[in-house]
Undergrad: 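Before we start, here is the structure in question, set down as structure tokens.
Along the sequence shown, residues carry numbers from 1. Numbering of ligands and ligand atoms starts at 1, following listing order.
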Amino acid sequence: MEMKLTETTIKSRGKAYLVGAGPGDPGLITVRGLEILKRAEVVIYDYLAGKKLLRHVPKDAELIYAGKRGGVKHTHTQDEINQMLVDRVKSGKRVVRLKGGDPFIFGRGGEELEELVKAGLSFEAVPGVTSASAAATFAGIPITHRRYTASVAFITGHEDPNKKKSNIAWDKISTGVGTLVFYMGIKNLESIVGNLMKHGRDPKTPVAVVRWASRPNQRSVVGTLDTIAEIVRKEDIKPPALTIVGDVVKCRNTINWYEQRPLFGRRIVVTRTRDQASELVALLEENGANCLEFATISLQPPDSWDELDNALVGLDRFQWLLFTSINAIHAFFGRLFEKGLDVRAVAHCKIASVGRVTNECLRSYGLVSDLMPEKFTGEGMAEAFEKVGVQGDSILIPRALKAREILPERLTAAGAQVHVVPVYQNKRPESFDGMHEKLLANLTDRQVDMVTFTSSSTVTNFIEMIGVKNRQELQSLMEGVRIAAIGPITAKTVEENGLTVHVQPGKYTIPDMVDAIVADALAK
Ligand code: SAH
């Protein structure tokens, strides 16, 4: 009896969530879909469900790639997928079935839910932004427009053209519907346009084909019914791509916003640590860049905490606490909390921070900075301190193991007692993950437009990591690649290695760096 009860409880806890992942840009999943992903215990995902979304899945969740890619051998058959889904839910798990676009639009979502119903299991379904809608939006083609059409149809282009009797009423849709969107139709494009013209659609009707809509590598071509098949062949447009037929395609001439962003289609390498790269990547992507994240730095604790621990015991003697990076803030307070202390331990200290980001970080600990320089460099910070006067003050600087000495030197010269303690160290990552090969291949194939450096160590580590033998090899690998450096120190390191800096912002912040990169792109 008891046994049975337990069984029912477990069974009722298991649930399937059929979630539309959207067209590829990870920002285009629904809020509900994301909530569910964050609580997933199992995720069964498809080829077209943006991989980047998997970052939100709890680390201990089981990830199953279900494959399915037109033309390529399927990783799992539909029956196997259905079975995996049913089995996992039966075992009491929260199983997310993540599908590209909308699961109910050419996604077999209906079939999978029927299986769950048959097995008596509970589920929830969440719609997604279907790729037709995304392709239209990101190619600058309103899928309906009062001036051009009052109707739209989503049609499969996958149907075997040699089939005796088609399920598609070509005679009706060819002229009966304003906008036609074909999914999975690249291989059969010739027969699709042929059918439309045969059934009366004007051969001069505009057509757009959009590949990888909403992703940084989106590509689109435009033609007319009688030219598009040839254009697609010439331009070598491969699946996944959508074909949009109708007069609305004309609107693209005016509102093609996405592909006209200044960095669209440019491959930009970002060399910061994974945690720090996000702001830079987000801003570059918003301007259309296709970023490749190649982390050249991994943050590690110092070899010993002794120096910080000693300082923590004698915090009373410091008048100032100075932070030059958010890494230092997190590491400092991380250790302080570990020691059973809280922020009141620094209540008597004045706090100096080096810029907007460090300032915001301090706020998240409930602290407000008392001193911030106008120029965000060691020199700028020293000047700010010299202005307020630090004669006789003790200053604690928790920071990276290796850092420039200019600030401590100038503060000492200004009459302060400076106490520097290491709270983290920048190391070169030991394992390279897949990004290493990808970067090398991209460089060798001349696919990289720009590399960004945000500190001297990103430069030296980058060079060590790509494994060139000498300066000539480096120069030839980097030929034609533009280089952006965040400030003069980083730029100097670039030049010392025999490379040229093309972009350098006036102010040493990430947003200023991105502005400079955009200006550089527009000038070319
Ligand atoms: N359920 C999905 C469609 C799956 S069928 C949806 O709602 O979007 C697979 C087809 O969708 C592909 O062959 C291609 O035609 C289209 N597709 C999916 N994602 C796409 C994308 N990002 N860009 C262009 N076409 C895409």
Undergrad: Which of the numbered atoms in ligand 1 are under 4.0 angstrom from any heavy atom belonging to I105?
TA: 1 (N), 2 (C), 3 (C), 6 (C), 7 (O)
Undergrad: Give the residue, atom name and distance (to 0.1 Å) of the protein heavy atom nearest atom 25 (N) of ligand 1.
TA: L242 CG, 3.5 Å
Undergrad: Please identify which atoms of ligand 1 are closer than 4.0 Å to at least one heavy atom of V210.
TA: 24 (C)
Undergrad: Indicate yes or no for a side-chain donor-acceptor contact from R94 to the backbone of A40 under 3.5 Å, with no hydrogens or angles considered.
TA: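 Pair absent, no side-chain N/O of R94 close to backbone of A40.
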Undergrad: Would you mind reporting whether V494 and F462 have side-chain heavy atoms less than 4.5 Å apart?
TA: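 No, side chains not in contact.
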Undergrad: For atom 16 (C) of ligand 1, what is the nearest protein heavy atom, given as residue, atom name and distance?
TA: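 For atom 16 (C) of ligand 1, the nearest protein heavy atom is S131 OG, 3.5 Å.
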Undergrad: Could you check if a side-chain atom of R252 sits within less than 4.5 angstrom of a side-chain atom of S220, using non-hydrogen atoms only?
TA: yes
Undergrad: Just to confirm my output: which protein heavy-atom neighbour is closest to atom 4 (C) of ligand 1, and how far is it?
TA: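 Of the protein heavy atoms, F106 O, 3.3 Å lies nearest.
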Undergrad: If we count only N and O atoms by modelled type, under 3.5 Å, do the side chains of T509 and D512 hold a donor and an acceptor together?
TA: yes
Undergrad: Less than 4.0 Å is my threshold; does some heavy atom of P23 fall inside it relative to ligand 1?
TA: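 The answer is yes, since P23 has a heavy atom less than 4.0 Å from ligand 1.
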Undergrad: Which ligand 1 atoms, with their elements, are less than 4.0 angstrom from a heavy-atom of Y183?
TA: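 Near Y183, meaning under 4.0 Å from one of its heavy atoms, ligand 1 has 3 (C), 6 (C), 8 (O), 11 (O), 15 (O).
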Undergrad: I need the nearest protein heavy-atom contact for atom 23 (N) of ligand 1: residue, atom name and distance, please.
TA: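 Nearest neighbour among protein heavy atoms for atom 23 (N) of ligand 1, to 0.1 Å: A213 N, 2.8 Å.
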Undergrad: Do D25 and K52 meet the salt-bridge criterion of a basic N to acidic O distance under 4.0 Å?
TA: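 Looking at K52 and D25, the cut-off is not met.
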Undergrad: Can an N or O of R215 be found at a distance shorter than 3.5 Å from an N or O of ligand 1?
TA: no
Undergrad: Using 30° and 60° as the class limits, which term best fits the ring planes of F294 and H436: parallel, tilted or perpendicular?
TA: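 Geometry flag for H436 against F294: parallel rings.
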Undergrad: I need the nearest protein heavy-atom contact for atom 7 (O) of ligand 1: residue, atom name and distance, please.
TA: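 Heavy-atom neighbour on the protein nearest atom 7 (O) of ligand 1: T130 OG1, 2.6 Å.
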Undergrad: Using a plain distance cutoff, I'd like to know if A132 has any nitrogen or oxygen under 3.5 Å from a nitrogen or oxygen of ligand 1.
TA: no
Undergrad: In terms of atom number and element, which parts of ligand 1 are under 4.0 angstrom from non-hydrogen atoms of L48?
TA: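 Those of ligand 1 that fall under 4.0 Å from L48 are 9 (C), 18 (C).
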Undergrad: Considering distance alone, does some N or O of A241 sit under 3.5 Å from an N or O of ligand 1?
TA: yes
Undergrad: Does any part of the side chain of V518, heavy atoms only, come nearer than 4.5 Å to the side chain of L263, both counted from C-beta?
TA: yes
Undergrad: What do you reckon, does G101 have a nitrogen or oxygen under 3.5 Å from a nitrogen or oxygen of ligand 1?
TA: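 No; every N/O pair is 3.5 Å or more apart.
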Undergrad: For residues S133 and T130, is any side-chain donor paired with an opposing acceptor at under 3.5 Å?
TA: no
Undergrad: Would you say M184 has any N or O atom under 3.5 Å from an N or O of ligand 1, going by distance alone?
TA: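 Among all N and O atoms of M184, at least one is under 3.5 Å from an N or O of ligand 1.
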Undergrad: Compute the minimum heavy-atom distance from G100 to ligand 1 and say whether it is under 4.0 Å.
TA: yes
Undergrad: Would you confirm whether the ring centroid of Y17 sits within less than 6.0 angstrom of the ring centroid of F123?
TA: no
Undergrad: Consider side-chain hydrogen bond (donor to acceptor under 3.5 Å, both in side chains). Of E112, E111, Q83, which one does Q78 pass it with?
TA: E112
Undergrad: Say whether D102, considering both its backbone and side-chain N or O atoms, lies within less than 3.5 Å of an N or O atom on ligand 1.
TA: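 Yes; at least one N/O pair falls below 3.5 Å.
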Undergrad: Can R261 and N287 be counted as having a side-chain donor-acceptor contact under 3.5 angstrom?
TA: no
